[in-house]
Amino acid sequence: MTIQHPSRRDVLTAGAAVAGAVAIPFMASAQSPVVIKFSHVVAENTPKGKGSLKFKELAEERAKGRVKVEVYPNSSLFKDGEEMEALQLGSVQMLAPSLAKFGPLGVREFEVFDLPYIFDNAAELHKVTEGPVGAQLFKKLEGKGVVGLAYWDNGFKVMSANKSIKVPADYKGLKMRIQSSKVLGDQMKALGAIPQVMAFSEVYQALQTGVVDGTENTPSNFYTQKMHEVQKFLALTNHGYIGYAVITNKKFWDGLPADLRTTLQGAMKDATKYANDIAQKENDEALEAVRKSGKTQILTPTAQEKADMKKALAVVHKENESRVGKDILAEVYKATGYKS
Ligand code: LMR
């Protein structure tokens, strides 16, 4: 699909110049549909890529010409480090950043989702996103001019490098790319690795040129960014989770006609179900495609190796208790039954 769009800088500048304009209620009419720019950083054939296109389809169909959703995948409009500011300025109306990327916005509590081994499976994770903690975190966003619309799944992370990486000792001295989360930084340090925060759009090249030695991600992100071409080993550690919060600009959202907002909420609800239903399958298929490529050896840690990793990483929970909030952490433990 070819998408025409202004350069990132033009959009940022225009957004800054008319920042106040987002407060003006939108005039939704057949002549001038409300335009929702939905920007994200991953490929279209991923859970988030497909979820955002499903939202576009449902929203446009149900709003009957009153809304146009423009989806910009692959960091083509904004990349990590730019998109949150762009949303606050009103240069983009929707994003779905990973839950690991809310620290820079000033809502560090989202990093509770990054704690190693805190979720054993998606059901435990959903207890949190669909329960009081999920709602509490969305409430915290409002102070930043942001509204949380939904939580979307991706899946559990694998580790990759150009050497075998099954137990903590294997990670010593490796430069590992992470998302912008202190919890993830502490996780890599607890393994003796050197964490390096980097925008998602830059990871492939950094792995290819040796700027970093390895990374962690879900199989769907790993495969669609072609990381299997530049990483010899992938370990099925499932040590952590990547999911998203779909967010919008509060002034934009509150300025919509109420009936249109209700229509969009319905479209989001159904797109969320779709995205969450396909997430596991997308990751399973991506892993199979990596296996078939023959370029990356897939390692399955034994129960003992997994226990060694979990033990080495337990300290990360203690280190970040105050960062993610003692009460929030206690609630998450209660929902998931986590024990170190
Ligand atoms: C990453 O930056 O590694 C991922 O969070 C990208 C994404 O949005 O899944």
Side-chain angles (χ1 to χ4, degrees), residues 41-43 46 80 98 100 114-120 154-242 282-317 319:
V41 300
V42 298
T46 58
D80 290 332
S98 108
D114 298 332
L115 287 168
Y117 297 104
I118 195 160
F119 307 110
D120 282 332
N154 186 334
F156 285 87
K157 290 182 285 189
V158 299
M159 294 277 203
S160 72
N162 283 322
K163 57 173 287 218
S164 175
I165 31 156
K166 291 204 288 181
V167 290
D170 297 335
Y171 291 83
K172 199 164 169 38
L174 289 185
K175 276 182 274 160
M176 298 292 284
R177 179 269 172 174
I178 55 162
Q179 305 175 75
S180 58
S181 156
K182 178 181 173 290
V183 168
L184 296 180
D186 289 348
Q187 168 197 273
M188 291 304 182
K189 286 183 197 157
L191 293 173
I194 304 151
Q196 192 141 343
V197 173
M198 187 179 290
F200 186 62
S201 53
E202 284 153 26
V203 181
Y204 174 85
Q205 209 187 352
L207 290 169
Q208 188 187 37
T209 56
V211 168
V212 291
D213 301 309
T215 189
E216 57 170 7
N217 225 306
T218 59
S220 57
N221 277 342
F222 187 83
Y223 180 68
T224 56
Q225 296 299 316
K226 300 187 169 41
M227 294 185 205
H228 60 290
E229 291 179 354
V230 289
Q231 294 277 266
K232 292 197 174 66
F233 293 90
L234 178 163
L236 297 172
T237 46
N238 293 329
H239 60 284
Y241 170 83
I242 290 184
E282 292 290 319
N283 281 306
D284 291 348
E285 286 176 3
L287 189 62
E288 200 39 44
V290 172
R291 199 187 301 274
K292 280 211 181 108
S293 78
K295 293 186 170 164
T296 305
Q297 191 178 329
I298 297 175
L299 309 167
T300 305
T302 62
Q304 185 57 52
E305 286 165 342
K306 182 180 168 182
D308 290 348
M309 287 286 282
K310 189 170 174 184
K311 194 168 162 213
L313 291 170
V315 63
V316 182
H317 289 238
E319 285 169 349

Would you say K163 has more than 12 foreign heavy atoms packed within less than 6.0 Å of its NZ? yes
Within a reach of under 6.0 Å around CD of Q205, are more than 12 heavy atoms found that belong to other residues, nucleotides or ligands?
no
Item checked: Main-chain N/O of V167 paired to D170 side chain as donor or acceptor, under 3.5 Å -> yes
* To do: Go through the steps to decide whether K157 and T237 satisfy the test side-chain contact (heavy atoms from CB on, under 4.5 Å), and finish with yes or no.
  => CA-CA 7 Å; K157 290 182 285 189; T237 46; 5.8 Å; no
Exercise for review: Quick one: do L191 and M176 satisfy side-chain contact (heavy atoms from CB on, under 4.5 Å)? Show the steps, please.
Suggested key: CA-CA 11 Å; L191 293 173; M176 298 292 284; over 6 Å; no
P195 and G185 have their tightest heavy-atom pair at CG-O, 3.6 Å
Nearest heavy-atom approach of P301 to L236 is CD-O, 3.4 Å
When rounded to the nearest 0.5 Å, the distance separating CD of E319 from CG of L115 is 10.5 Å
TODO: Examine the side chains of N283 and N154 and answer whether a donor and an acceptor come within less than 3.5 Å of each other.
DONE: yes
When every non-hydrogen atom of A286 is compared with those of S220, the smallest separation belongs to CB-CA, 3.6 Å
### Query
Any side-chain heavy-atom pair from R177 and F200 closer than 4.5 angstrom?
yes
Checklist entry - Do H317 and Y117 come within less than 4.5 Å of each other through their side chains, counting heavy atoms only? => result no
Requested in this report: Measure the shortest side-chain to side-chain distance between T46 and E282 over non-hydrogen atoms and say whether it is less than 4.5 angstrom.
Outcome: no
With D213 as partner, the option from L174, N162, I165, L207 fulfilling side chain to side chain contact (heavy atoms under 4.5 Å, CB included) is L174
Query - Validation row: P219, V290 side chains within 4.5 angstrom (heavy atoms) - result: no
| message | For a 4.5 angstrom cut-off between non-hydrogen side-chain atoms, does S160 reach E216? | response | no
d(T218 OG1, L287 CG) to nearest 0.5 Å is 10.5 Å
To the nearest 0.5 Å, atom CD of E202 lies from atom CG of D80 at 8.5 Å
Taken to the nearest 0.5 Å, the spacing of K166 NZ from T302 OG1 works out to 6.5 Å
Quick one: does M198's side chain get under 4.5 Å of V212's, heavy atoms only? yes
Check your understanding: For atom OH of Y171, is the number of surrounding heavy atoms from other residues, nucleotides or ligands below 6.0 Å larger than 12?
Key -> yes
Near K310 NZ, under 6.0 Å, is it more than 12 heavy atoms from other residues, nucleotides or ligands?
-> yes
Hey, is the main chain of A161 close enough, under 3.5 Å, to the side chain of Q231 for a donor-acceptor pair?
yes
Handout entry: Residue pair E229 / Y204, side-chain donor-acceptor N/O under 3.5 Å
Key = yes
Value for CG (N217) from CE (M227), rounded to nearest 0.5 Å, stands at 5.0 Å
Angle class for the F119/Y241 ring planes (parallel below 30°, perpendicular above 60°, tilted otherwise)?
perpendicular
Between A190 and V316, the two heavy atoms sitting closest are CB-CG2, 3.9 Å
Within the 4.5 Å heavy-atom criterion, are M188 and M159 side-chain neighbours or not? yes
So K182 and D186, do their side chains get closer than 4.5 Å, heavy atoms only? yes
Practice item. With side-chain contact (heavy atoms from CB on, under 4.5 Å) as the test, would you mind laying out the steps for Q179 and S98 before giving the verdict? Key: CA-CA 9 Å; Q179 305 175 75; S98 108; 2.5 Å; yes
When rounded to the nearest 0.5 Å, the distance separating CZ of F233 from OG1 of T296 is 9.5 Å
Tightest non-hydrogen contact, residues Q225 and A43, listed as NE2-N, 4.0 Å
